[in-house]
Protein chains: 2
Amino acid sequence: MIRDVDWSLYRSFLAVMEAGSLSAAGRRLRISQPTMGRHIRTLEAALGQSLFLRTPDGLSPTDAALALMPHAEALADAAGALTRAASGGRDAMEGSIRIAASEVTAAEILPPIVRGMMDRWPGLVIELAVSNSDEDVMRRAADIAVRMAAPRQDALVAARIGGFELGLYSHPAYLRGRPAVERAEDLRGHRLIGFDRPFAYTDIFRVAGKRIARDDFALRSDSDMAQLAAIRAGCGIGVCHAPLSGGLVRLLPADFAPEVEMWLLMHPDLRSLSRFDHVFAYLADALARHIAGPGGAAAPAS
Amino acid sequence: MIRDVDWSLYRSFLAVMEAGSLSAAGRRLRISQPTMGRHIRTLEAALGQSLFLRTPDGLSPTDAALALMPHAEALADAAGALTRAASGGRDAMEGSIRIAASEVTAAEILPPIVRGMMDRWPGLVIELAVSNSDEDVMRRAADIAVRMAAPRQDALVAARIGGFELGLYSHPAYLRGRPAVERAEDLRGHRLIGFDRPFAYTDIFRVAGKRIARDDFALRSDSDMAQLAAIRAGCGIGVCHAPLSGGLVRLLPADFAPEVEMWLLMHPDLRSLSRFDHVFAYLADALARHIAGPGGAAAPAS
DNA sequence: TATCTGCCATTCATATATGAATGATCAGGG
DNA sequence: CCCTGATCATTCATATATGAATGGCAGATA
């Protein structure tokens with residue numbers, strides 16, 4: 001039976017897993033390479049199994065180490081959340097807050113809102129994490145998340161911000177000189193932009209009842225931001241949030257107009273620290289304005 | 001900005017929170033009281049806020065410390081999960097496994113099953129944790145959980161074991177010399193056993209359409225085990241799993257027979273360690289047998 | 001009041017962990 | 001071929017963290 005493993009050994013373990021070598025891990029944690037080596041040796045002794053194979057250019061993890069990796073990450077998430085939670089006074093608007101959002105949200109929607117928050121509360125440090133699952137909040141990898149679907153975990157603090165439409169859009173420069181798109185069939189022969197791997201949106205992508213599949217796309221990317229940029233650059237026709245479609249031409253509005261919900265999520269353990277509540281309320285308000293109309297970047301009233 | 005807080009300081013923090021004094025926390029972690037005191041002082045300095053008020057009979061946590069507590073618990077859960085995951089060889093049936101179940105399940109259903117597992121795999125160490133939420137598995141406070149409802153978190157490995165009936169039961173000794181219970185109205189004037197605080201079952205407790213509320217109970221307990229024991233002791237009439245009703249008399253079977261589902265849950269990060277898979281499969285099989293019939297305690301075929 | 005038993009803070013000698021320096025090894029590039 | 005730039009392992013002096021012992025304090029108990 002294994003008892004009393006020092007938690008900082010786990011930290012060193014994770015650093016070595018991520019950095020790939022004792023030296024690199026040591027640099028990251030600001031401890032020396034010999035010490036890092038001793039930590040790993042101590043941990044291996046405590047766990048009774050070997051975790052790495054020493055090679056001339058680093059340590060390569062054994063299967064056992066790989067199996068422990070997700071647990072070590074969970075530990076790091078929890079430690080990070082604890083550090084963030086403690087990073088300000090209990091009621092002061094100071095300290096770090098980590099916000100998770102999709103790429104498009106982080107790049108197109110949040111910046112002016114975040115700016116408003118930073119102006120209002122100069123003591124806040126905002127971390128923007130790009131990711132796409134409510135898991136992040138559950139796992140404490142983020143404090144607050146902006147999501148485009150109702151939460152599947154009902155242990156979270158959740159607020160429905162509102163709904164907005166997705167639409168098929170294209171840049172005028174792309175459409176110039178190409179056949180007009182007036183009926184669903186006209187999409188054939190056009191360049192479509194879509195997702196690479198199957199995704200939550202995969203099922204939404206139906207035009208006039210017909211599902212558009214992976215093979216129909218001429219440009220595939222799992223990054224929603226890359227897709228949006230491609231549409232704007234005139235690469236073809238793709239899906240885009242209606243509130244973000246300035247300068248683009250909407251196509252087939254009658255055939256493709258799925259409604260998407262925006263939600264804001266927070267881990268309940270953060271409620272006792274008031275700055276998380278304030279930021280949550282601020283974000284909810286500002287995002288609702290963004291959805292409601294074009295002037296959405298203005299600071300909320302509250 | 002707070003950086004680089006040694007994770008073992010968090011461990012000392014949690015120990016002091018739980019133990020209530022430096023000395024007690026030190027005993028628990030097998031470190032001396034002065035060292036514990038230094039850890040707390042170091043942590044307070046690192047976080048820039050005071051966490052405890054020193055009193056003659058212990059340390060009392062500040063609000064800031066209370067707010068950090070759930071995060072520290074999450075950290076401890078993750079560390080425990082990591083330690084358990086590492087507590088055996090990668091493919092060997094050795095090491096610790098923590099199973100969460102309700103009191104009745106842990107006391108009435110699991111013991112013979114667990115015994116079968118221990119006989120079959122002598123190297124296993126089983127920890128039985130009594131609790132009632134799928135959260136436990138999500139939070140890694142347990143590796144595998146037996147639950148009486150479909151999981152609400154869809155990030156978990158889940159297996160539906162089967163359904164069984166709840167029924168109203170009483171001990172013959174209680175019924176002797178009392179008015180017979182043949183129609184729903186006959187329950188009036190009888191002693192009912194039920195839950196104290198509102199609960200998932202609260203809504204299920206309807207007899208012939210009429211909801212039985214908290215005030216109708218003559219004996220209230222939030223412990224399902226205590227309820228079962230009370231029924232068996234002849235205290236009155238209560239709800240009990242049909243498969244556990246041996247020796248009891250069923251009442252109003254036509255009016256009260258809700259179906260309950262049994263589920264088995266596991267954290268996906270454990271799949272790469274085969275002993276968790278094996279135990280999961282063993283439990284699923286054995287529990288299905290328990291539900292299916294009276295001979296359910298026999299070892300599964302697999 | 002006197003006594004006992006928890007608790008925390010301080011001291012100081014000691015055990016422990018750490019880092020700088022060094023050497024050995026391997027891979028890639030001129 | 002012989003550098004250069006990575007890596008890890010070892011050594012040893014030093015810094016750091018630790019524990020035993022002690023004292024003081026407050027609240028029980030008699």
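Throughout, protein chains are lettered first and strands after them, A, B, ... in sequence-line order, and every chain is numbered starting at 1. These numbers were taken from a predicted model, which means no experiment stands behind them.
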A.B. asks: Is any side-chain heavy atom of A:V16 closer than 4.5 Å to one of A:H39?
C.D. replies: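 With C-beta onward as the side chain, the pair stays apart.
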A.B. asks: B:R41 CZ to D:dA17 P: how many Å, rounded?
C.D. replies: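 Answer to the nearest Å: 12 Å.
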A.B. asks: Nearest whole angstrom, please: distance from the P of D:dA9 to the CD1 of A:I40.
C.D. replies: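 To the nearest whole Å, that distance equals 11 Å.
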A.B. asks: Nearest whole angstrom, please: distance from the P of C:dT18 to the CZ of A:R30.
C.D. replies: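 One finds 16 Å between P of C:dT18 and CZ of A:R30, rounded.
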A.B. asks: Can you tell me whether the side chain of B:R38 and the base of D:dG19 have a donor-acceptor pair closer than 3.5 Å?
C.D. replies: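 Indeed there is one.
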A.B. asks: Among D:dT18, C:dG19, C:dC7, which nucleotide sits nearest the side chain of B:H39?
C.D. replies: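 The nucleotide sitting nearest to the side chain is D:dT18.
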A.B. asks: Are more than 12 heavy atoms, taken from residues, nucleotides or ligands other than B:R191, located less than 6.0 Å from that residue's CZ atom?
C.D. replies: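 Open: at most 12 neighbouring heavy atoms sit under 6.0 Å from CZ of B:R191.
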A.B. asks: Can you tell me the distance, in whole Å, between the CD1 atom of A:I31 and the P atom of D:dT16?
C.D. replies: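 Checked: the CD1 to P distance equals 15 Å.
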A.B. asks: Under 4.0 Å between a side-chain N/O of A:T35 and OP1 or OP2 of C:dG19, yes or no?
C.D. replies: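 Yes, within the criterion.
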A.B. asks: Whether the side chain of A:Q49 engages the backbone of B:A86 through a donor-acceptor N/O pair (distance < 3.5 Å, no angle test) should be reported.
C.D. replies: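 Yes, because the side chain of A:Q49 sits within donor-acceptor range (under 3.5 Å) of the backbone of B:A86.
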A.B. asks: Would you kindly give the CE-to-P distance between A:M36 and C:dG19, to the nearest whole Å?
C.D. replies: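 Atom-to-atom, A:M36 to C:dG19, this comes out as 9 Å.
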A.B. asks: With the side chain of B:P34 defined as its heavy atoms from C-beta on, choose the nearest nucleotide among D:dC8, D:dA21, C:dG19.
C.D. replies: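 Minimum distance to the B:P34 side chain belongs to D:dA21.
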A.B. asks: So if I take every side-chain heavy atom of A:P56 and compare against C:dC7, C:dC26, D:dC8, which nucleotide ends up nearest?
C.D. replies: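 For A:P56, the side-chain atoms sit closest to C:dC26.
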A.B. asks: Please check the phosphate of D:dG24 (OP1 and OP2 only) for any side-chain N or O of B:R54 closer than 4.0 Å.
C.D. replies: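 B:R54 to D:dG24 OP1/OP2: no side-chain N or O under 4.0 Å.
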A.B. asks: Which heavy atom of A:W121 sits nearest to which heavy atom of A:H278, and what is that distance?
C.D. replies: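 Distance-wise, the nearest heavy atoms are CH2-O, 4.0 Å.
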A.B. asks: Does B:S32 place a side-chain N or O at less than 4.0 Å from the phosphate oxygens OP1/OP2 of D:dT18?
C.D. replies: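 Checking D:dT18 against B:S32, no side-chain N or O comes under 4.0 Å of OP1 or OP2.
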A.B. asks: For B:G37, which contact category applies under a 4.0 Å heavy-atom criterion: base, sugar-phosphate, or nothing?
C.D. replies: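 The residue B:G37 makes no contact with any strand.
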A.B. asks: Could you check how far CG of B:L22 sits from C1' of C:dG6, rounded to whole Å?
C.D. replies: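 After rounding, the reported distance stands at 13 Å.
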A.B. asks: Can you tell me if B:S23 touches the phosphate of C:dC8, counting only side-chain N or O atoms and a distance under 4.0 Å to OP1 or OP2?
C.D. replies: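 Answer yes for this pair, as a side-chain N or O of B:S23 is under 4.0 Å from OP1 or OP2.
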A.B. asks: Could you tell me whether B:D77 and B:R98 have a side-chain N and a carboxylate O separated by less than 4.0 Å?
C.D. replies: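 Looking at B:R98 together with B:D77, the answer is no, because their closest N to O distance does not fall below 4.0 Å.
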A.B. asks: State whether B:R27 places a side-chain N or O below 4.0 Å from either non-bridging phosphate oxygen (OP1 or OP2) of C:dC7.
C.D. replies: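 Answer is yes, contact under 4.0 Å.
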A.B. asks: Output the rounded distance in Å from CG (B:D6) to P (D:dA17).
C.D. replies: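 In whole Å, D:dA17 P lies 10 Å from B:D6 CG.
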A.B. asks: A:Q33 CD to D:dA6 C1': how many Å, rounded?
C.D. replies: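 Between C1' of D:dA6 and CD of A:Q33: 12 Å.
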